[in-house]
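A short write-up of the structure that comes next.
The chains referred to below are lettered A, B, ... by the order of the sequence lines, with proteins before strands, and numbering in each begins at 1. These values consider heavy atoms only, across backbone and side chains, with no hydrogens, waters or symmetry-generated copies.
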Amino acid sequence: MTKSNNPVETIPNGPDAAAILAAGIGCALVGILALAGDASDRIGKLLNIYNPVGTLSGVTTLAIIVWLVSWFILNQRCGQRQSTWPRSMWSHSSGWPLVCC
Amino acid sequence: MGFGALFMLAFSGALAELYRISAPGAPSTMSTREQNLLNFYLLAMVALAWLTVFSGAYVIYPWYRAVPPAGVTDLADYPRRLLLSSGKTSEWHNVGMEWKEHVAWLAPIATTMVAYVTIKYGRAIFQHRNMRIAVLSFAVAAFVATGVAGAFGAFLNKYAPVRGGKVIVLMQGEK
């Protein structure tokens, strides 16, 4: 096995992985909650936390909170290590915003 | 709209720079000045992105979806109701505005992540192919989301017709 001389390879990519995956979760949640709010009156009312803005207020607030919390948790869990996530995981995380669109 | 336009304009520069430093054959290090400039540029974009969506959602959008008092027949000051009042324009709200109000929020989330990763790792992140693809994908997705939101916004403002412009039928609604 050839040892790499590139110092870049030794930098833990955990924080990067955590940020990318959390952003994917946040983006996906915007789409999922928007769909749920439109599909169900009950969920729509629950998401209406600021009446002038309607369900959009709850959708975006909840998505932002989940995004930040998941980022924090993921960063705690894999922040100092080299991620060995498979390539497909990267593909999925990077594709989530496109799916959400 | 001002924040959004600036954000959209800034995107072309950010995408070009992200691609430039990640392209094959690019120098493996960046000077401190280059790195600081890129960091400042990305942070300004993040600020613009969040200002755009928060001002749009909490300043402009309440005006858009205001409910007219009973008996009001002139809906010029109530854009949502104006659009929904005719089958020729109702889909501008049902499709256009519904898309615009949600898809725009992808941009600040994605841009924040792109800025964080780029600032934290600098040129190093682009040595990892899969990460580079993920970061660039999010940057492009944010650009597309901003473009979709901006385009729908422009049509809604100018030709929906909210300002009395020519009616462009997006899809024929029921009403």
_Run A/L56 and B/W105 through side-chain contact (heavy atoms from CB on, under 4.5 Å) and show every step you take._
CA-CA 10 Å; A/L56 181 65; B/W105 286 85; 4.0 Å; yes
*Run the numbers on B/K120 and A/D16 for side-chain contact (heavy atoms from CB on, under 4.5 Å), then give the verdict.*
CA-CA 8 Å; B/K120 186 170 181 65; A/D16 180 16; over 6 Å; no
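The hydrophobic cluster containing B/L43 does not contain B/F11, counting ILVMFWY residues as joined when their side-chain heavy atoms lie under 4.5 angstrom apart, directly or transitively. Residues B/I119 and B/L38 do not share a hydrophobic cluster, clusters being chains of Ile/Leu/Val/Met/Phe/Trp/Tyr side chains in contact below 4.5 Å. Transitive grouping of hydrophobic side chains (ILVMFWY, heavy atoms separated by less than 4.5 Å) brings B/M45 and B/F54 into a common cluster. The cluster map of Ile, Leu, Val, Met, Phe, Trp and Tyr, joined by side-chain heavy atoms under 4.5 Å apart, puts A/V59 and A/L35 in different clusters. B/V59 and B/Y64 fall within a single hydrophobic cluster, where Ile, Leu, Val, Met, Phe, Trp and Tyr are joined by side-chain heavy atoms under 4.5 Å apart, directly or via other members.
Note that the CG atom of A/L21 and the CE atom of B/M113 stand 10.0 Å from one another [nearest 0.5 Å]. Rounding to the nearest 0.5 Å places CG of A/L68 at 8.5 Å from CD1 of B/I109. In this structure, CZ in B/R65 is found 6.5 Å from CG in A/N51, a value given to the nearest 0.5 Å.
A/D38 touches chain B through its side chain: at least one heavy atom from C-beta onward sits under 4.5 Å away, while N, CA, C and O do not. Both the backbone and the side chain of A/V53 come within contact range of chain B, judged by heavy atoms closer than 4.5 Å. With a threshold of 4.5 angstrom between heavy atoms, B/Y58 approaches chain A through its backbone and through its side chain. Contacts between A/I64 and chain B at a heavy-atom distance below 4.5 Å involve the side chain alone, from C-beta outward.
When side chains are defined from C-beta on, A/P52 does not count as touching B/Y61, because their heavy atoms never get closer than 4.5 Å.
Smallest separation of non-hydrogen atoms from B/Y121 and A/G14: OH-N, 4.1 Å.
The residue among B/A142, B/A66, B/P62 with the most heavy atom pairs within less than 4.5 Å of chain A is B/P62.
Residue pairs that meet the side chain to side chain donor-acceptor pair (under 3.5 Å) test with at least one member in residues 60-70 of chain A, sequence neighbours left out, do not exist here.
Residues of residues 43-50 of chain A lying under 4.5 angstrom from chain B, judged on non-hydrogen atoms, are A/Y50 by number.
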